[in-house]
Amino acid sequence: MKKMKNAIVLGGGGFIGGHLSKRLINEGYHVRIADLKNHEYFDHSEICHEFIKCDLTDPKAVELVISQECDEVYQLAADMGGAGYIFTGNNDANVMHGSAMINLNVAHECVKKKVKKVFYSSSACMYPDHNQLDADNPNCEESSAYPANPDSEYGWEKLFSERLFLAYNRNYNLEVRIARFHNIFGPQGTWSGGKEKAPAAMCRKAAETNSGGGIEVWGDGLQTRSFLYVSECVEAVLRLMDSQFTGPVNIGSEEMVTINQLAEMAIAISGKNINICNLGGQDFIDKYGFNCPTGVRGRNSDNRLYREKIGWEVSLPLKEGMIKTFTWINEQLAKKSK
Ligand code: NAD
């Protein structure tokens, strides 16, 4: 009989980690999750065999979680959130300290325990600000990362940790796979409270607003992004893990839209007659007390390297992912109002 593979998902109580764990269970893995918190939307029996609630900034916790000769470790734990969390500057020290501590502990422990392979989730936020000033032509080719100039401390920490895992690969033969995620979205993710990302925020606002009303979009809404549906992201991660390519490589969608177009899509899905109200500059400061955190002007995934090295590509249109996300958020709102 084929031996069951062991996977440890760090940050499996979070959005992508929860979906990844569920997929690994379906693939027949034995899954152990470690996270600070329970998963808010998945029942633990759906996503893992063992759930260890712990703080991975503590080396003793990581020592306990990572077992000898585990087959695969997926490192997704990070102190993170949407633009309102990582671009205001208010959380920089915690974001850098928390995530760097986790990655330092994990890389060290994986070598000690002879883990066979480690996945690390980096982010497109590590790309240089100066290559993302033109909303229509951002450059996010993997090789454009240096000279480094991320626009947030979150991005700097990601870049540091990519290098950390690559150094462990060079010096200790730790087999690693590194992906740079570009805006992953979908159901069972944060959709309110300030840590939600643009697709969830737009879906929630459209679902909450009555016809004739307006939804707020931060900035002029002409900044561009691409968004990848979470099941496509999970598929891309597993294919990268199975490949011989270390990375870093982008995992994202190449369907670039403006944030206003994203809002229009959510409004169209809601079937209501809703206006977009762009809020930026002094008006934004007057309302929120800090500068409008819109991030870089343009960003799109460049999937050429992934296609070349892995031979597969993501294909789900943004609209289809947005319909699934809107439907789920609408259900959450209905549950809340009961
Ligand atoms: P998430 O916030 O939903 O999940 C991260 C999880 O890490 C959370 O459940 C959190 O509780 C856990 N965590 C944080 N600090 C911890 C600690 N000290 N000990 C134990 N657990 C801790 O985020 P996500 O969207 O699922 O992102 C997963 C990974 O992918 C993160 O590393 C993130 O930086 C990266 N990423 C995500 C996106 C995206 O669009 N979602 C884009 C780029 C990169």
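Whatever order the structure lists ligands and atoms in, that order sets their numbers, starting from 1. Predicted, not measured: the structure shown is a model, and the values here were computed from it.
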Chemist: For the residue pair Arg239 and Tyr306, confirm or rule out a side-chain donor-acceptor distance under 3.5 Å.
Modeler: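 Per modelled atom types, Arg239 and Tyr306 side chains form no pair under 3.5 Å.
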
Chemist: Classify the side-chain pair Asn250/Glu142 by whether it contains a donor and acceptor separated by less than 3.5 Å.
Modeler: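 Short answer, yes.
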
Chemist: Please tell me whether Asn260 and Thr258 have a donor and an acceptor in their side chains that are separated by less than 3.5 angstrom.
Modeler: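 Side-chain D/A pair, Asn260 to Thr258: absent.
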
Chemist: Just by distance, no angles: are the side chains of Ser211 and Asn273 close enough, under 3.5 Å, to form a donor-acceptor pair?
Modeler: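 Absent: no donor and acceptor within the cut-off.
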
Chemist: Would you call Glu72 and Lys116 a salt bridge, using N to O less than 4.0 angstrom?
Modeler: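 No, no charged N to carboxylate O under 4.0 Å.
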
Chemist: If we count only N and O atoms by modelled type, under 3.5 Å, do the side chains of Gln282 and Asp286 hold a donor and an acceptor together?
Modeler: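 The answer is yes; a qualifying pair exists.
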
Chemist: Mind checking what residues have non-hydrogen atoms under 4.0 angstrom from ligand 1?
Modeler: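 Within 4.0 Å of ligand 1, protein side: Gly11, Gly13, Gly14, Phe15, Ile16, Asp35, Leu36, Lys37, Cys54, Asp55, Leu56, Thr57, Leu76, Ala77, Ala78, Met80, Ile102, Ser121, Ser122, Ser123, Tyr154, Lys158, Phe181, Asn183, Ile184, Lys197.
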
